[in-house]
Amino acid sequence: MTRRKFLNHAALGALTASALTAGRSAEANGEKGEMPLIVSTWPFGKAANEAALKILLQGGALLDAVEQGIWVTESAGDASVGLSGSPNAAGVVQLDACIMNGSDHKAGSVAGLEGIRHPISAARRVMEKTRHVLLVGEGARMFALEEGLESVELNSRERYDQWQKQRAAQRAKPAEKKPANHDTIALLVLGADGNLAGGCSTSGLGGKLPGRVGDSPIIGSGLYVDNEVGAAGATGLGENVMRYCASFLIVEFMRQGMLPHEACSQVIRRIMRSEPKGAKLSINFVALDKRGRYGAAGTDEGFQYSVTTPTSSLVLPNPGLGPSDR
Ligand code: ASP
């Protein structure tokens, strides 16, 4: 399918999907949506959303919901999040994560973190226990260890051999379509009290240069939360997201009055104007606003996102870009 065909097709899909789910109907009508509301990237987000919702319904804090929701994906054995994620060009898994709280605009991030089971917890501790926002590499790892976070020996002989075998198997099948070697859980939460928070976690781009950091731990790129307006998160090729401060821009577009889907679409259009590579851009966004309206848009045909409220938990298709073009 060509890019234009996909985006047109997806715009039609958006209308169908909005007719199907209460939240999106609410969005289309400009009404208030159901709360608490949790929106995340990809189908793997659904289990994370449900864990987050459980915490909220038990009276837990928003940040606990974000952190423990993301734990689910970090522990799920996925090839793009957590220690099971894709290794870099040196065969080492380097993890990126961030967390942001809407009510006080605080944030914490870790990047290039090795051997820590839950990078989202390291990010939360950076936010809550230091004067800083972002810790990287060995410093982030030492901090996580000092905080008592669970660690795993990554550079074992066994792991290295396993990675070499994987690489040899990939090389043996050059004609096969390469599987996507990157994804991120970006999880946004709107509490029943109207407060917002969000987090991201990823192993980043498979085969990246050691030390490469993508959009996910960069506040404003992979995630942005503003209690006055809403929240947005990204998944896809970080290099195409972080040069545009895309999540920040989505929130700013919502501040100007756009609905979440419209704001995500508008940022994609903005990026496409400078980078006319269509679906190859691989940029996908989720967003929600303070009123409980949510949306998403992406250039990857297979992009899906998960939406959970007390009455439903759904995986929705990529609606593509909306019909309007401001
Ligand atoms: N955004 C992530 C990165 O570039 C990967 C992804 O979400 O697919 O590191």
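First listed ligand is number 1; within each ligand, the first listed atom is number 1.
- A donor-acceptor pair shorter than 3.5 Å cannot be found between the side chains of Ser221 and Asp215.
- Taking a cut-off of under 4.0 Å to the non-hydrogen atoms of Thr184, the atoms of ligand 1 that pass are 1 (N), 2 (C), 5 (C), 6 (C), 7 (O).
- Looking at Gly214, Gly85, Gly236, Gly238, it is Gly236 that brings a heavy atom closest to atom 2 (C) of ligand 1.
- Using modelled atom types and a 3.5 Å distance limit, the side chains of Glu252 and Tyr224 yield no donor-acceptor pair.
- In this structure, Arg212 is part of the shell of residues with a heavy atom less than 4.0 angstrom from ligand 1.
- Heavy-atom contacts of Gly204 reach the following atoms of ligand 1: 9 (O) (cutoff under 4.0 Å).
- Checked by atom type, the side-chain pair Thr202/Asp96 shows no donor-acceptor distance below 3.5 Å.
- Considering only non-hydrogen protein atoms, atom 8 (O) of ligand 1 sits nearest to His182 ND1, 2.4 Å.
- The ligand atoms of ligand 1 that sit less than 4.0 angstrom from a heavy atom of Asp215 are 1 (N), 2 (C), 3 (C), 4 (O).
- Distances below 4.0 Å separate heavy atoms of Asp183 from the following atoms of ligand 1: 6 (C), 7 (O), 8 (O).
- Against a heavy-atom cut-off of under 4.0 Å, Ser216 is close to the following atoms of ligand 1: 1 (N), 2 (C).
- Around atom CZ of Arg270, no more than 12 heavy atoms belonging to other residues, nucleotides or ligands sit under 6.0 Å away.
- Asn284 pairs in a side chain to side chain donor-acceptor pair (under 3.5 Å) with only one of the listed residues (Thr184, Thr235, Asp300), which is Asp300.
- A side-chain N or O of Ser313 and one of Glu50 form a donor-acceptor pair less than 3.5 Å apart.
- At least one N or O atom of Thr235, backbone or side chain, sits closer than 3.5 Å to an N or O atom of ligand 1.
- With respect to Ser109, the side-chain contact (heavy atoms from CB on, under 4.5 Å) criterion is satisfied by exactly one of Leu223, Val136, Ile219, Leu135: Ile219.
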